[in-house]
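By convention in this document, chain letters (A, B, ...) are assigned in the order of the sequence lines, proteins followed by strands, and residues within each chain are numbered from 1. Hydrogens, waters and symmetry mates are skipped; everything else that's a heavy atom, side chains included, is used.
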Amino acid sequence: MEKKITQTVIEAVKALYGQDVEEKQAGLQKTRPEFEGNLTLVVFPFVKIARKKPEEVAEEIGAYLVEHCDAVSKYNVVKGFLNLSINDSSWLSTLAAIDADEHYGEKQATEESPLVMIEYSSPNTNKPLHLGHVRNNLLGWSLAQIMSANGNKVVKTNIVNDRGIHICKSMLAWLKYGNGETPETSGKKGDHLIGDYYVAFDKHYKAECDELAKQYIAEGMTEDAAKEKAKQEAPLIKEAHEMLVKWENNDPEVRALWSKMNEWVYAGFDETYKALGVGFDKIYYESNTYLEGKDKVEEGLEKGFFYRRDDNSVWADLTKEGLDEKLLLRSDGTSVYMTQDIGTAKLRFQDFPIDQMIYVVGNEQNYHFQVLSILLDKLGFKWGKDLVHFSYGMVELPNGKMKSREGTVVDADDLIATMIADARQTSDELGKYDDMSEEEKQEIARIVGMGALKYFILKVDARKNMLFNPAESIDFNGNTGPFIQYTYARIRSILRKAAAEGLTPTLPSAVEMNEKEIALTQKISEYGAAVAQAGKDYSPSGIANYCYELTKSFNQFYHDYSILGADTAEQKQLRLVLAANVAKTIKNGMALLGIEVPERM
RNA sequence: GGUCUUGUAGCUCAACUGGAUAGAGCAACAGCCUUCUAAGCUGUAGGUUCUGGGUUCGAGUCCCAGCGGGAUCACCA
């Protein structure tokens with residue numbers, strides 16, 4: 001409908017002033033509630049063409065639209081704003097179109113659709129997931145749903161950082177202080193168990209450093225130099241490095257231990273992923289990929305993109321692009337982070353015909369991805385130039401950043417458990433579902449608790465740092481996930497009652513609509529635009545805000561008008577259809593955020 | 001210091017990409033459960049959108065300068 005009006009506007013300008021205008025300039029926006037009308041055209045872009053006052057232009061276009069466009073019943077002009085009123089039958093057919101489509105406003109992928117790969121999560125295997133990872137995982141999953149709803153084929157991927165010095169630290173500590181403890185014998189989740197040994201390593205290592213530093217100072221070194229040397233010379237860190245060398249040389253014992261401990265961690269991660277409701281189509285492990293990429297670098301070297309220094313290290317000179325020089329291979333020939341990312345890119349492209357690549361990685365790596373994009377482009381990856389670094393801000397605590405060393409991390413599993421327990425407590429206090437079984441109650445608490453957590457994180461613009469206050473925790477009132485879920489549950493309840501009366505929501509062929517009914521129809525119809533915009537901006541927060549607005553509109557409607565107690569049968573049917581489609585849209589929108597909705601709560 | 005990013009109510013966040021009088025939720029105060037679920041609804045109060053210029057019919061949004069947060073500039077990942 002909106003498109004048709006826009007077309008007619010373009011026609012009108014052509015007919016009245018003899019000029020072609022672009023669709024963008026003839027775009028409509030929603031009329032502000034304080035003015036009469038549903039859609040508004042801003043006519044300022046046309047006044048130059050018309051050589052007339054804005055009011056006159058608006059009048060002329062308005063008159064043209066009423067005459068040539070069935071949907072427009074009347075208009076009014078305020079300064080340069082042309083407010084259009086849409087007639088009931090057009091709204092009714094809009095609603096009919098929405099009602100007919102289970103996934104109104106979303107696009108299905110076809111054979112020809114571009115393939116988008118989204119990398120997210122990418123954990124290290126030496127410690128459990130924390131709140132920062134939660135933000136990453138929720139954003140990544142939601143982004144995948146949004147890209148998919150915009151008609152893309154989506155492959156969700158995860159690159160697990162399963163090798164390196166940090167793993168060796170945990171392994172070493174486990175050997176030294178562990179007494180053969182396993183997840184089974186300790187009752188700990190595997191990732192937490194390994195994380196504890198990582199912390200244990202750090203504790204002992206620090207103690208060694210302090211002792212050594214004292215010794216060096218006694219021998220006459222300055223404090224800074226002593227500390228620096230102690231860090232290098234501590235027996236524990238040396239042992240860890242030896243272990244890493246053994247790992248790289250495929251030492252069977254080290255490899256066996258490594259596999260065993262990683263398995264524990266993966267089992268732990270899987271639980272957390274499951275609780276978060278996220279998953280992957282393809283998981284890559286750095287232990288398999290970290291040697292890849294070297295030949296790509298060699299290839300670039302041959303083609304003259306890169307150069308070799310006297311010490312045998314390989315570099316890319318990006319000063320022409322306004323960046324620095326970047327190391328790609330160390331002088332001993334081993335690869336660095338950048339080389340590995342080139343390698344994974346190569347493997348991924350072998351596995352999938354990628355058209356677009358999205359990396360969900362924190363904003364501290366902005367520079368890295370700027371460089372990666374240029375390098376991949378030079379090396380001939382067609383999607384390299386336009387790769388998207390979906391960069392998100394840090395989660396901060398009231399007294400600063402999360403620091404694992406200072407013990408100020410918010411653990412993901414703890415947080416999830418707390419949210420669910422809080423949801424449970426709230427609903428027990430409200431006493432709404434005393435008739436339910438324990439399992440049902442717990443399931444609702446899970447949906448609501450997770451909904452609160454997810455919405456809280458996803459409603460914020462991803463680029464921005466966000467604040468999380470553990471003491472105040474997460475609200476269940478106001479602009480929250482539970483508020484939206486609650487509205488959904490109430491609508492479902494109404495629809496159940498209607499069904500019990502033998503009513504199936506069916507749209508009447510003609511009915512008079514009041515202002516609020518029109519507003520609600522309009523709000524629902526905006527879902528498609530919200531999805532499209534979110535796809536363009538890579539913006540889960542856009543969907544979250546839309547869901548909130550829709551919910552708020554419905555709640556006001558719910559408060560002002562009775563649905564089951566409507567005056568006429570037609571009106572009742574209209575409102576039931578409206579309610580059903582609000583519920584549907586909430587459900588679909590929340591699904592794009594990875595948030596479930598309960599039938600009751 | 002260079003580059004990137006951010007600055008909106010006491011607090012946490014919006015504002016459909018340049019449109020009309022900048023909106024919500026917390027917190028505060030005043031109301032609404034005999035009526036489809038009160039995790040709700042209504043009202044009051046709260047703003048020089050960091051500062052100063054510029055671009056134009058119009059700027060929280062774009063450009064320039066400054067000030068304040070954050071990130072990054074490793075033969076770490």
For [X], which residues count as a salt bridge (Lys or Arg N to Asp or Glu O under 4.0 Å) partner, sequence neighbours excluded?
X        : value
A:Arg163 : A:Glu248, A:Glu286
A:Asp461 : A:Arg463
A:Lys584 : none
A:Glu515 : none

Under 4.0 Å between a Lys/Arg side-chain N and an Asp/Glu carboxylate O for [X] and [Y]?
X        : Y        : value
A:Lys3   : A:Glu23  : no
A:Arg308 : A:Glu298 : yes
A:Lys523 : A:Glu549 : yes

Would you call the rings of A:Tyr359 and A:Phe369 parallel, tilted or perpendicular, taking 30° and 60° as the class edges?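 Rings of A:Tyr359 and A:Phe369: tilted, 30 to 60°.
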
Check the orientation of A:Trp247 and A:Trp258. Use parallel for under 30°, tilted for 30 to 60°, and perpendicular for over 60°.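 Perpendicular.
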
Inter-nucleotide [atom1] distance ([N], [M]), Å rounded:
N     : M     : atom1 : value
B:A22 : B:U17 : C1'   : 16 Å
B:U48 : B:G60 : P     : 14 Å
B:U49 : B:U44 : P     : 22 Å
B:C26 : B:C36 : P     : 23 Å
B:C76 : B:G69 : P     : 31 Å
B:A15 : B:U21 : C1'   : 14 Å
B:C33 : B:A20 : P     : 38 Å
B:A38 : B:C32 : C1'   : 9 Å

Once you apply a heavy-atom cut-off of 4.0 Å, does [X] come out as touching a base, just sugar-phosphate, or nothing?
X        : answer
A:Ala489 : base
A:Thr334 : nothing
A:Asp332 : nothing
A:Asn83  : base
A:Phe554 : nothing
A:Val448 : base
A:Val42  : base

Whole-Å gap separating [atom2] ([N]) and [atom1] ([X]):
X        : N     : atom1 : atom2 : result
A:Phe483 : B:A38 : CZ    : C1'   : 12 Å
A:Arg490 : B:U37 : CZ    : P     : 8 Å
A:Gln556 : B:U42 : CD    : P     : 5 Å
A:Phe557 : B:U42 : CZ    : P     : 14 Å
A:Asn555 : B:U42 : CG    : C1'   : 13 Å
A:Tyr285 : B:A77 : OH    : P     : 21 Å
A:Leu372 : B:U72 : CG    : C1'   : 16 Å
A:Gln340 : B:C76 : CD    : C1'   : 11 Å

For A:Val77, is there any backbone N or O sitting under 3.5 Å from a side-chain donor or acceptor partner on A:Glu55?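 Not confirmed, A:Glu55 side chain does not pair with A:Val77 backbone.
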
Ignoring hydrogens and geometry, is there a side-chain-to-backbone donor-acceptor pair from A:Thr551 to A:Cys547 under 3.5 Å?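 Pair found, side chain donor or acceptor close to backbone of A:Cys547.
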
Here's a test of your reading of the structure: between A:Lys459 and A:Glu286, which maps to the more 5' nucleotide of RNA chain B?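 The residue whose closest nucleotide sits nearer the 5' end is A:Lys459.
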
On RNA chain B, nearest-nucleotide positions of A:Met394 versus A:Gln533: which is more 5'?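 Closer to the 5' end of RNA chain B: A:Gln533.
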
I want to verify a distance call: between [options], whose nearest atom is closest to the [X] side chain?
X        : options             : value
A:Asn477 : B:G19, B:A20, B:G40 : B:G40
A:Arg330 : B:A77, B:U37, B:U17 : B:A77
A:Asn161 : B:C36, B:U37, B:A77 : B:A77

So which pairs with a foot in residues 23-62 of chain A pass ring-ring contact (aromatic ring centres under 6.0 Å, His included), sequence neighbours left out?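 Sorted result for residues 23-62 of chain A: empty, none.
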
Can you list every pair that meets side chain to side chain donor-acceptor pair (under 3.5 Å) and has a residue in residues 474-486 of chain A, with sequence neighbours left out?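 Side chain to side chain donor-acceptor pair (under 3.5 Å) check on residues 474-486 of chain A returns A:Tyr455-A:Asn479.
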
Could you go over nucleotides 30-34 of chain B and give all protein N or O partners under 3.5 Å, atom names and distances?
none

By a strict heavy-atom criterion of less than 4.0 Å, which residues belonging to [range] are in contact with RNA chain B?
range                       : value
residues 534-553 of chain A : A:Asp537, A:Asn545, A:Tyr548, A:Lys552
residues 22-34 of chain A   : A:Gln29, A:Arg32
residues 420-428 of chain A : A:Thr426, A:Ser427

Looking at the rings of A:Tyr546 and A:Tyr527, which for Trp means the six-membered one, are their centres under 6.0 Å apart?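 Yes.
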
Could you let me know what [N] is paired to, Watson-Crick or G-U wobble, both distances under 3.5 Å, or none if it's on its own?
N     : result
B:A65 : B:U51
B:A27 : none
B:C4  : B:G70

Sub-3.5 Å pairs of nitrogen or oxygen atoms, protein against nucleotides 55-59 of chain B:
none

How close do A:Asn465 and A:Gly393 get, heavy atom to heavy atom, and via which atoms?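 Heavy atoms only, the tightest pair is OD1-CA, 3.3 Å.
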
Nearest atoms (heavy-atom pairs only) where A:Gly80 meets A:Pro54: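 Nearest heavy atoms, A:Gly80 then A:Pro54: CA-CB, 3.9 Å.
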
B:G19 pyrimidine/purine six-ring stacking with A:Phe81, under 5.5 Å and 30°: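 No, A:Phe81 does not stack on the base of B:G19, since the centre distance and plane angle fail the 5.5 Å and 30° test.
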
Kindly indicate, with the supporting measurements, whether the criterion salt bridge (charged side-chain N to carboxylate O under 4.0 Å, His left out) is fulfilled by A:Arg309 and A:Glu325. CA-CA 12 Å; A:Arg309 286 189 184 170; A:Glu325 301 187 335; 2.7 Å; yes

For A:Gln442, does the CD atom have more than 12 heavy-atom neighbours from other residues, nucleotides or ligands under 6.0 Å away?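 Counting other residues, nucleotides and ligands, CD of A:Gln442 exceeds 12 neighbours.
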
Beyond-backbone contact of A:Arg490 with A:Asn555, side-chain heavy atoms, under 4.5 angstrom: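 Sidechains of A:Asn555 and A:Arg490: in contact.
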
Distances for protein N or O near nucleotides 2-11 of chain B N or O, under 3.5 Å:
{"residue": "B:G7", "atom": "OP1", "partner": "A:Lys464", "partner atom": "NZ", "Å": "3.4"}

